Engineer: 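If you scroll down you'll find the structure; I have some questions about it.
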2 protein chains.
Amino acid sequence: MQNSFTEENYLKIIHSLSGREGTEVSTNALAESTSTRAASVTDMLRKLAEKGLIHYKKYQGVRLTDSGEKVAIQVIRKHRLWEVFLVEKLGFGWDEVHDIAEELEHIPSEILVEKLDRFLGHPKFDPHGDPIPDAKGNLTEPDYTILTDVHIGEKVLMMGVLDHAPSFLQHLDRSGITLGAVIEVKEINEYDKSASVQINGGPTLFISLEVSKNLLVQRR
Amino acid sequence: MQNSFTEENYLKIIHSLSGREGTEVSTNALAESTSTRAASVTDMLRKLAEKGLIHYKKYQGVRLTDSGEKVAIQVIRKHRLWEVFLVEKLGFGWDEVHDIAEELEHIPSEILVEKLDRFLGHPKFDPHGDPIPDAKGNLTEPDYTILTDVHIGEKVLMMGVLDHAPSFLQHLDRSGITLGAVIEVKEINEYDKSASVQINGGPTLFISLEVSKNLLVQRR
DNA sequence: ATATATTTTTAGATAAGTCTAAATTTTTTA
DNA sequence: TAAAAAATTTAGACTTATCTAAAAATATAT
């Protein structure tokens, strides 16, 4: 009763697309995210439904069952723990680890995950600021604020990113915007909503709305 | 031009079955080792031959090409590095790591392997005493002696095992026979070739011929 | 509310890796 | 060295995850 690599990926993607409210996910959205065609998704959904991992009624979209949710969360736990390993222990950049973790997350072995977790010191967040579920699947979603919601004059702590694209992360690296950096919003351009921000009390730089939208920060 | 999980396993097994001399491996031997049927092996051999990874003539057995050899050795390198990681860093026993390493060895990423190797301090041997090929595939086969070839009175160093079966390794653990242990052969029973050995100058115990045959030691 | 557009599902096909049963080749033995 | 045994390959089929094209269901728009 093992789930395949592919099945685990579907569950993980359904989880992330259905959000915290557990809303229905459409066939087309899944086709997009899995880089397959809608017909292939339908086939897989029938299979996952038979295994009791999703609620699925034809034409009605799909939702994870409790059992499917559990699997998805364990895959996410593994993904994020491996990312911590790759960055903290092996010295990868945060822009380089996604694809490798995508493979490692499917290595089956409960004990492996638990030992890895202990080895890493039970980290609560991955290198992108995403929270790591514990062994029971409990996950405390931190109350991050998106930088666009921060007012002029506020000083906030850089805690995570919404976009994980390597090019975006490399851009942040070049700007000195790393996890833990202090960001003070100095100015906001009315016209294009671009912002002037000071990093760690040092250099001031301009960031576009596109960037602001993807920065998760914490008020102090 | 990626090789699949399955292809890599065939290459690895052909490598180990053809030994240092690179002798031909039979279809049946491969069926046995891969837990498949001879017919399936034939199919795969045709495929590997088309990719230029093996020399294959119908009914004549199979040998790795230089290119196939290279792939096999990289898989072995990855397997053994991951085993070191699992034992040294995560605290697994040497009897527990084979199956997990069997999965990890197929994670594709040159950089990952090189960073892992550096993180582990470029180990030369895995937890069973098997040599780890370097990035170029060079492997210095150490000149181990099998314990059955050691004479009464000799003191040798425990350096490795031929059998990797968990039950065998657990048996060694219970006897205190770990890598690096000093073994002095005290007596050899003429009748069944069982031996009396002293471990680290401490307790003396009896080991069967079956055990002796699987212990690799080094004369000092 | 009906026609049109969009989304989703079904039907039938493909590739990878496996299988069984039958045919063929090689090896062994008498 | 011919017959029997063993090993190997071929033929045809199955499963998983995918595809395209066509059909069916749902949603949108006038």
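First the proteins, then the strands, lettered A, B, ... as listed; each starts at 1. Owing to the predicted nature of the structure, the values given are computational and were not obtained by experimental measurement.
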Engineer: Could you tell me the separation between the CD atom of B/Glu24 and the P atom of D/dA7, rounded to a whole number of Å?
Structural biologist: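 So the CD-P distance, B/Glu24 to D/dA7, works out to 17 Å.
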Engineer: Taking salt bridge (Lys or Arg N to Asp or Glu O under 4.0 Å) as the definition, give me every residue that meets it alongside A/Glu210, ordered by chain and number, with sequence neighbours left out.
Structural biologist: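 Expected list: A/Lys213.
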Engineer: Identify, with sequence neighbours excluded, every residue that meets ring pair (Phe, Tyr, Trp, His ring centres under 6.0 Å) alongside B/Phe5.
Structural biologist: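 Ring pair (Phe, Tyr, Trp, His ring centres under 6.0 Å) list for B/Phe5, sorted by chain: B/His106.
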Engineer: Do any side-chain nitrogens or oxygens of A/Tyr56 fall under 4.0 Å of OP1 or OP2 in C/dT9?
Structural biologist: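 A/Tyr56 to C/dT9 OP1/OP2: side-chain N or O found under 4.0 Å.
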Engineer: For residues 159-174 of chain A, run the donor-acceptor check on the side chains, cut-off 3.5 Å, and write out each pair with its distance to 0.1 Å, sequence neighbours left out.
Structural biologist:
| residue | atom | partner | partner atom | Å |
| --- | --- | --- | --- | --- |
| A/Asp163 | OD1 | A/Ala165 | N | 2.8 |
| A/His164 | NE2 | A/Asp130 | OD2 | 3.0 |
| A/Gln170 | NE2 | A/Asp95 | OD2 | 2.8 |
| A/Asp173 | OD1 | A/Trp94 | NE1 | 3.2 |
| A/Asp173 | OD2 | A/Trp94 | NE1 | 3.3 |

Engineer: Contact class for A/Phe5 (heavy atom, under 4.0 Å): base, sugar-phosphate, or nothing?
Structural biologist: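 No contact.
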Engineer: Taking atom P of D/dT9 as reference, at what distance in whole Å does atom CG of B/Leu48 sit?
Structural biologist: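 After rounding, the gap between these two atoms is 13 Å.
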Engineer: With sequence neighbours left out, write down each residue that passes salt bridge (Lys or Arg N to Asp or Glu O under 4.0 Å) with B/Glu88, or none if nothing qualifies.
Structural biologist: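 Listed in chain order: nothing, the list is empty.
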Engineer: What integer distance in Å separates A/Met44:CE from D/dC19:P?
Structural biologist: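 So the CE-P distance, A/Met44 to D/dC19, works out to 11 Å.
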Engineer: Mind checking whether B/Trp82 and A/Phe85 have parallel, tilted or perpendicular rings, split at 30° and 60°?
Structural biologist: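 If you compare the ring of B/Trp82 with that of A/Phe85, the planes turn out tilted.
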Engineer: The side chain of A/Thr36 is closest to which nucleotide in this list: D/dC19, C/dT8, C/dT18?
Structural biologist: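 So the side chain of A/Thr36 is nearest to D/dC19.
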Engineer: Grab the NZ-P distance between B/Lys57 and D/dT8 for me, whole Å please.
Structural biologist: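 In whole Å, D/dT8 P lies 16 Å from B/Lys57 NZ.
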Engineer: If we count only N and O atoms by modelled type, under 3.5 Å, do the side chains of B/Ser194 and B/Asp192 hold a donor and an acceptor together?
Structural biologist: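 Distance-only check passes for B/Ser194 and B/Asp192.
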Engineer: Can you pull out every side chain to side chain donor-acceptor pair (under 3.5 Å) where at least one residue sits in residues 35-44 of chain B? Sequence neighbours excluded, please.
Structural biologist: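 Listed once each, the pairs are B/Thr34-B/Thr36.
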Engineer: Could you tell me whether A/Thr42 contacts a base, only the sugar-phosphate backbone, or nothing, with contacts defined as non-hydrogen atoms closer than 4.0 Å?
Structural biologist: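 Counting heavy atoms under 4.0 Å across all strands, the contact made by A/Thr42 includes a base.
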Engineer: Separation of B/Arg46 atom CZ from D/dA11 atom P, in whole Å?
Structural biologist: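 My rounded result for the distance is 9 Å.
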Engineer: Quick one: A/Asn28 CG to C/dA5 C1', roughly how many Å, whole number?
Structural biologist: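 From A/Asn28 CG to C/dA5 C1': 13 Å.
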Engineer: Let's see if you get this right: which residues in residues 10-18 of chain B place a heavy atom under 4.0 Å from DNA chain D?
Structural biologist: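 Residues of residues 10-18 of chain B under 4.0 Å from DNA chain D: none.
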Engineer: On the nucleotide C/dA16, are OP1 or OP2 found under 4.0 Å from the side-chain N or O atoms that B/Thr6 carries?
Structural biologist: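 No.
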Engineer: Starting from P on D/dT10, measure out to CG on B/Leu45 and report it in whole angstrom.
Structural biologist: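 Those two atoms, CG and P, are 11 Å apart.
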Engineer: Once salt bridge (Lys or Arg N to Asp or Glu O under 4.0 Å) is applied, do any residues pair with A/Lys193, and if so which ones, sequence neighbours excluded?
Structural biologist: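 Partners of A/Lys193 by the salt bridge (Lys or Arg N to Asp or Glu O under 4.0 Å) criterion, ordered by chain and then number, come out as A/Glu190.
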Engineer: For nucleotides 20-29 of chain C, just jot down a letter per nucleotide in 5' to 3' order: B, S or -, based on protein non-hydrogen atoms under 4.0 Å.
Structural biologist: BB--BSS---
Engineer: Could you pull out all residues at least two apart from B/His15 that satisfy ring pair (Phe, Tyr, Trp, His ring centres under 6.0 Å)?
Structural biologist: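 None.
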Engineer: Within this structure, what is the CG-to-C1' distance between A/Asp43 and C/dA13, rounded to whole angstrom?
Structural biologist: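 For the pair A/Asp43 CG and C/dA13 C1', the rounded distance is 12 Å.
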Engineer: Would you say a side-chain N or O of B/Thr27 is under 4.0 Å from OP1 or OP2 of D/dT9?
Structural biologist: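 B/Thr27 to D/dT9 OP1/OP2: side-chain N or O found under 4.0 Å.
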